[in-house]
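The structure appears below as structure tokens.
Below, chain A is the first sequence line, B the second, and so on; all start at residue 1.
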Amino acid sequence: MLDKSFNPAAIEQGWYERWEAAGYFRHKGDSRPAYCIQLPPPNVTGTLHMGHAFQQTLMDALIRYHRMRGVNTNWVVGSDHAGIATQIVVERQLELEGRTRHDLGREKFVERVWKWKHESGSTITRQMRRLGASANWEYADTEGRKGGYFTMDAKMSRAVAEVFVRLYEEGLIYRGKRLVNWDPVLGTAVSDLEVDSEETTGTMWRIVYPFVDGPQDSTGKDGRAVKLRGMTIATTRPETMLADGAVAVHPDDARYKHLIGKQVILPLCDRTIPVVADTMVDPEFGTGSVKITGAHDFNDYGAAVRHKLPMIVIFTLDAKINENGPKQFQGMDRYAARKAVVAQLERENFLVGADPHKMMVPKSGRTGVVVEPMLTDQWFVRMEGMAKDGLDVVKRGEVKFIPEHWTATYNHWLENIQDWCISRQLWWGHQIPAWYDDEGRIYVARSEEEAKKKAGGRPLKRDPDVLDTWFSSQLVPFSSLGWPGETQDLETFLPSDVLVTGNDIIFFWVARMIMAARHFTGKVPFREVYINAIVRDAEGEKMSKSKGNTLDPLDLIDGISPEALLKKSTAGLMKDDHRERIEKYVKSHYPNGIPAFGADAVRFTFASLATFSITLNFDLNRCEGYRNFCNKLWNATRFVLMNTEGRDCGVEGETRDAQPVKLSFVDRWIASRLQRVEAAAAQGFAEYRFDNVAAAIYSFVWDEYCDWYVELAKLQLQSADAAVQRGTRRTLVRVLETSLRLLHPITPFITEELWQKVAPLAGKKGATIMLQPYPRSQPEKIDEAAERDMALLQEWTAAARNLRSEAKIPPGEKLLLYATAAPAVAEVDAALSALQSLARLEGVKRVKELPDSTAPVAVVGDARIMLYKEVDPALEAERISKEIARVDGEIAKVKAQLANPSFVERAPAQVVEQARARLAASEQNLQKLQDQLQKLRGRK
RNA sequence: GGGUGCUUAGCUCAGCGGUAGAGCACUUCCUUCACACGGAAGGGGCCACAGGUUCGAUCCCUGUAGCACCCACCA
């Protein structure tokens with residue numbers, strides 16, 4: 001006997017371990033069609049957040065669905081070494097010990113990161129298991145830790161080196177001194193994508209650079225003649241003037257045209273620079289003349305190259321003024337230098353203006369520090385050719401984005417792609433497989449031995465830099481399957497079927513995977529990319545730690561007390577000033593903490609909210625509603641078990657043959673509805689409309705099976721006919737058993753728990769629901785007649801109940817229902833006794849005319865029905881008048897439509913017919929209501 | 001400066017050329033032997049705004065406004 005209500009913690013315990021131990025998650029090396037999903041590998045350092053939980057719910061639902069459909073599924077999972085993120089975490093730990101990574105040295109530091117990875121790297125995999133992810137943990141796992149692959153594993157690293165060497169040999173990787181985005185705190189280059197612009201109000205300073213040969217004639221904006229002391233430039237970063245190579249003006253700018261080629265004095269510095277002409281200058285902006293700082297500005301870099309200007313570097317790698325700057329500024333941080341430069345300019349009368357200015361400041365995505373364009377030696381991947389191919393495969397439809405509009409985002413980026421800076425000046429990551437000899441010659445090789453061989457024995461030094469983390473992540477779709485080896489897995493599981501991921505990594509990861517897989521395997525990495533919504537809080541706000549509106553999926557599953565939640569929300573805060581705000585938020589939003597909804601309810605919520613919308617506002621109230629749904633399912637099962645266990649369910653058993661069964665229109669109806677929900681589920685999965693899958697099953701189970709079928713089954717179980725009882729029991733268990741299988745991909749735990757008990761009664765054998773066939777719709781079982789009859793019964797029931805309610809008849813009081821006609825169904829007797837039971841009637845009495853009474857009357861189809869209970873005629877008259885008004889409105893609307901000749905002529909015949917039928921029915925209804933009203937009035 | 005998406009019931013969201021839907025919340029009644037994490041009956045919406053196309057628009061088109069996100073080297 002099941003407990004009275006479902007307790008997620010109790011049932012969710014144990015199943016996962018049993019499934020995993022039994023090896024149900026592994027792929028099978030057989031010839032069945034394959035279905036493969038690659039998990040976007042989470043950072044080893046990370047913990048599961050709502051985005052992960054959402055994404056993984058969808059992936060697991062797809063995997064479970066396909067597994068049940070008999071496909072050879074392989075959910076490839078793993079984790080990412082996450083170069084910068086991980087290094088920062090371990091460096092913070094060292095900081096607490098008062099040390100830096102340099103105190104340890106590279107080798108010891110990397111050792112320490114590995115140690116930390118082993119200790120805490122399993123957090124997220126544990127959380128995924130709690131969520132029920134039926135992932136293939138053992139697959140591609142080189143460490144034997146059942147956590148999937150790790151991007152720094154020997155196996156995965158081998159593919160990284162191979163790719164680097166091949167790209168280098170093909171001339172697609174090159175090394176060069178280029179201007180790159182530099183994070184002065186981390187001391188490394190970062191890619192364009194890792195830089196986020198942030199609007200800031202800064203200052204636009206105007207500075208005059210005097211002409212070497214004295215003031216010059218020119219014209220002002222208004223055309224009047226003026227004398228120019230020098231070129232006035234505008235800048236937001238005055239400290240970079242120390243590295244200026246020229247002043248540029250537009251070649252057609254009448255004010256400055258004649259001054260091109262003149263020399264100006266660079267203030268504060270002991271040198272002069274030329275005035276050059278360049279079309280990049282916008283004469284309308286600022287003063288129309290621009291300082292050119294080739295080594296410290298991306299825009300100016302191009303101009304400096306065009307005009308062959310010297311590239312002067314004035315910053316050290318930690319953004320302090322170096323020896324190339326004037327003595328008084330040397331060693332100053334860039335912002336201190338800015339102040340000092342401005343002060344001296346002002347003192348020496350070079351500063352002619354300073355205005356507030358809104359601008360976009362580039363900041364490092366990791367540290368939030370303003371990046372400095374820095375001229376350094378870096379490795380790059382040439383993107384042009386691969387990008388073109390990446391565009392082509394999407395254009396040809398070999399890779400499809402869902403929703404489709406993301407294709408535009410993808411295309412736009414690839415059409416404007418820049419070469420990719422892949423070297424990072426970090427210690428944690430794949431070290432670049434390049435060696436240098438004493439003369440600076442480069443040897444790129446798969447291993448040190450190979451490099452030595454190539455160098456002919458010259459002493460070699462390895463490049464200290466590591467690769468951008470995405471360089472290895474992009475290979476995952478094939479490196480996880482054994483590439484560069486030629487494996488059966490590659491043959492079977494590449495391309496994978498769908499990638500489920502967030503739109504934030506379309507550039508970082510999705511595009512690069514497509515390009516890399518195409519380049520190295522000739523195949524696309526996946527056929528479809530489902531871009532899932534971004535999870536926000538219920539008010540649509542971005543979840544962030546500093547707002548306190550983050551939710552931990554595990555807290556939703558297991559519940560959390562208000563005290564623990566408060567403590568957790570404010571733990572490890574960087575800034576103390578957030579504390580008060582967070583406490584306020586948490587206290588007001590979760591005064592009672594969070595109840596334990598269970599993994600199934602959380603998963604169901606995610607599925608229900610998985611529309612094609614760009615954001616998903618996670619609403620705890622909906623989560624609660626779906627927890628209630630789980631309870632409903634639990635109790636429906638409880639009812640079914642109570643009525644079927646140990647009884648004859650009309651199912652063939654091992655020791656007996658099935659006895660004859662009789663099926664009523666109600667039995668046939670629910671079986672018919674089942675076919676429709678099965679079709680809806682299949683369609684939903686095919687379209688990635690998980691919300692539709694969830695909604696279809698929800699309403700079937702609750703609104704149809706529980707509300708109607710179970711209620712009517714109670715009646716049928718009291719039948720004197722054993723065959724009717726058998727038929728009812730058989731339908732009860734079979735429909736329930738099928739519903740459990742339908743639901744399993746979304747709510748794996750509760751369905752497994754219940755299936756174990758229900759399946760034997762339905763004549764099903766099997767160790768687990770996981771491997772049972774997913775229900776498929778059988779259109780031949782759709783019974784239109786039964787559905788029509790049931791719809792009528794429901795209509796009659798609703799009308800009768802409404803009469804009860806309107807007349808305020810207490811639930812205990814049973815009355816006769818007078819009806820001028822019987823429901824137009826095939827099994828009238830069965831329908832009438834059903835009606836009697838559902839509407840709690842004493843009976844149904846057929847009459848020619850309704851009794852002369854003030855009792856409320858309703859119109860159902862051809863019949864008028866009445867519960868014989870005298871009520872205040874005035875109230876009843878009012879009720880009927882309201883109803884008449886409603887029907888009147890209806891009639892007016894349809895009449896107007898039909899009176900329009902062009903509607904009747906041009907609308908499809910079917911639509912016109914429908915309107916006419918509606919009009920006829922409404923008019924009939926109106927007539928009966930008016931009769932009734934008149935009668936009521938006559939009584940007064 | 002470009003681009004994308006959104007605007008439907010109090011809240012979170014479906015829908016989509018032909019009588020406006022769900023969950024939660026709300027009102028009234030009910031502890032009836034699966035379930036009060038429940039049952040029954042209700043209330044609630046000029047489908048952002050303005051034009052256009054159409055017999056007919058919440059839905060298609062064009063604008064406007066608001067919100068969100070992405071891209072972009074304007075000093």
Side-chain angles (χ1 to χ4, degrees), chain A residues 2 4-6 197 204 233-237 240 248 280-282 284-293 297-302 357 359-360 362 373 403 405-406 408-409 412-413 416 503-504 506-507 534 536 538-540 542 595 597 601 605 608-609 611-643 689 691-692 695 698-699 706-707 710-711 714 798 801-806 808-812 838-840 890 893-894 897 900-908 910-912 914-915 918 922:
Chain A
L2 295 177
K4 199 171 170 189
S5 64
F6 113 111
S197 293
M204 175 85 87
I233 56 92
T235 181
T236 54
R237 299 195 301 149
T240 62
M280 83 172 201
V281 181
D282 175 2
E284 300 302 317
F285 188 88
T287 58
S289 71
V290 184
K291 65 200 257 328
I292 302 293
T293 320
D297 184 285
F298 287 101
N299 215 6
D300 294 1
Y301 180 80
H357 181 68
M359 57 187 178
M360 299 298 275
H405 68 256
W406 290 109
T409 306
H412 182 256
W413 187 64
N416 298 287
N503 73 286
D504 51 334
I506 290 179
F507 308 144
I534 295 166
R536 309 280 196 95
E539 281 99 37
K542 223 175 196 165
F597 295 116
T605 310
S608 300
L609 295 173
T611 66
F612 281 172
S613 170
I614 216 163
T615 54
L616 177 168
N617 297 354
F618 193 91
D619 187 349
L620 231 48
N621 289 324
R622 285 190 72 153
C623 198
E624 188 180 341
Y626 296 125
R627 190 267 321 264
N628 296 351
F629 173 71
C630 289
N631 187 55
K632 189 76 181 176
L633 181 69
W634 179 270
N635 274 292
T637 305
R638 192 160 165 261
F639 169 82
V640 171
L641 292 177
M642 281 166 59
N643 286 284
R689 286 301 304 266
D691 59 326
N692 289 345
Y698 180 100
S699 81
C706 291
D707 284 356
V710 165
E711 289 309 315
K714 288 174 184 172
R801 282 169 168 174
N802 178 265
L803 290 180
R804 283 195 78 101
S805 179
E806 294 287 351
K808 305 227 185 305
I809 298 167
L838 292 170
R840 313 189 134 262
E890 180 89 352
K893 232 162 118 182
V894 184
Q897 199 174 26
N900 183 347
S902 44
F903 169 73
V904 180
E905 278 164 33
R906 306 174 85 148
Q910 191 200 336
V911 173
V912 178
Q914 220 175 348
R918 207 161 61 225
S922 294

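Residue A:Thr611 places at least one side-chain N or O closer than 4.0 Å to OP1 or OP2 of B:A14. A close approach under 4.0 Å does occur between a side-chain nitrogen or oxygen of A:Lys714 and OP1 or OP2 of B:A34. Taking 4.0 angstrom as the limit, A:Lys4 places a side-chain polar atom (N or O) nearer than this to OP1 or OP2 of B:A36. Side-chain N/O atoms of A:Arg622 include none lying less than 4.0 angstrom from OP1 or OP2 on B:C37. Distances shown here put a side-chain N or O of A:Asn802 below 4.0 Å from the OP1 or OP2 atom of B:G42. OP1 or OP2 of B:A75 has at least one side-chain nitrogen or oxygen of A:His357 nearer than 4.0 Å. One finds a side-chain N or O of A:Asn617 lying less than 4.0 angstrom from the OP1 or OP2 phosphate oxygen of B:C13. Within the structure, a side-chain polar atom (N or O) of A:Asn628 is placed less than 4.0 Å from OP1 or OP2 of B:G38.
Looking at the side chain of A:Met642, the nearest of the listed nucleotides B:A34, B:C55, B:G23 is B:A34. Set against B:A75, B:C55, B:G23, the side chain of A:Phe903 has B:C55 as its closest nucleotide. The listed nucleotides are B:C37, B:A41, B:U4; the one nearest the side chain of A:Ser805 is B:A41. With B:C55, B:C35, B:U12 as the choices, the nucleotide that has an atom nearest any side-chain atom of A:Asn635 turns out to be B:C35. If you check B:U32, B:A34, B:G18 against the side chain of A:Arg840, the one that comes closest is B:U32.
Spacing of C1' atoms, B:A14 relative to B:G42, comes out at 23 Å, to the nearest Å. Across the C1' atoms, B:G44 and B:A9 are found 6 Å apart, a figure rounded to whole Å. Comparing B:C46 with B:C30, their C1' atoms are spaced 38 Å from each other, to the whole Å. Using atom P as the reference point in both B:A22 and B:G63, the two lie 35 Å apart (nearest Å). Taking atom P on both nucleotides, B:U7 is separated from B:U12 by 12 Å, rounded to a whole Å. Here, B:G17 and B:C60 have their C1' atoms 8 Å apart, quoted to the whole Å. Comparing the same atom, P, in B:A65 and in B:U53 gives a spacing of 23 Å after rounding to whole Å. If you take atom C1' in B:G23 and the same atom in B:C37, they sit 14 Å apart, rounded to whole Å.
The partner of B:G44, taking Watson-Crick or G-U wobble pairs whose two distances both stay under 3.5 Å, does not exist in any strand shown. The pairing partner recorded for B:C67 is B:G5, the criterion being a Watson-Crick or G-U wobble arrangement whose two distances lie under 3.5 angstrom.
Contact annotation for A:Ser613: backbone-only contact, meaning every heavy-atom pair under 4.0 Å involves sugar-phosphate atoms and none involves a base. Using a 4.0 Å heavy-atom distance criterion, A:Phe298 is classed as making no nucleic acid contact.
The number of heavy-atom neighbours closer than 6.0 Å to NZ of A:Lys808, taken from other residues, nucleotides and ligands shown, is 12 or below.
Note on A:Lys893 versus A:Glu890: no salt bridge recorded, every NZ/NE/NH1/NH2 to OD/OE distance being 4.0 Å or above.
Between the side chain of A:Thr637 and the backbone N or O of A:Leu633, at least one donor-acceptor pair lies under 3.5 Å. In this structure, A:Asp297 contributes its side chain and A:Ile292 its backbone to no donor-acceptor pair below 3.5 Å.
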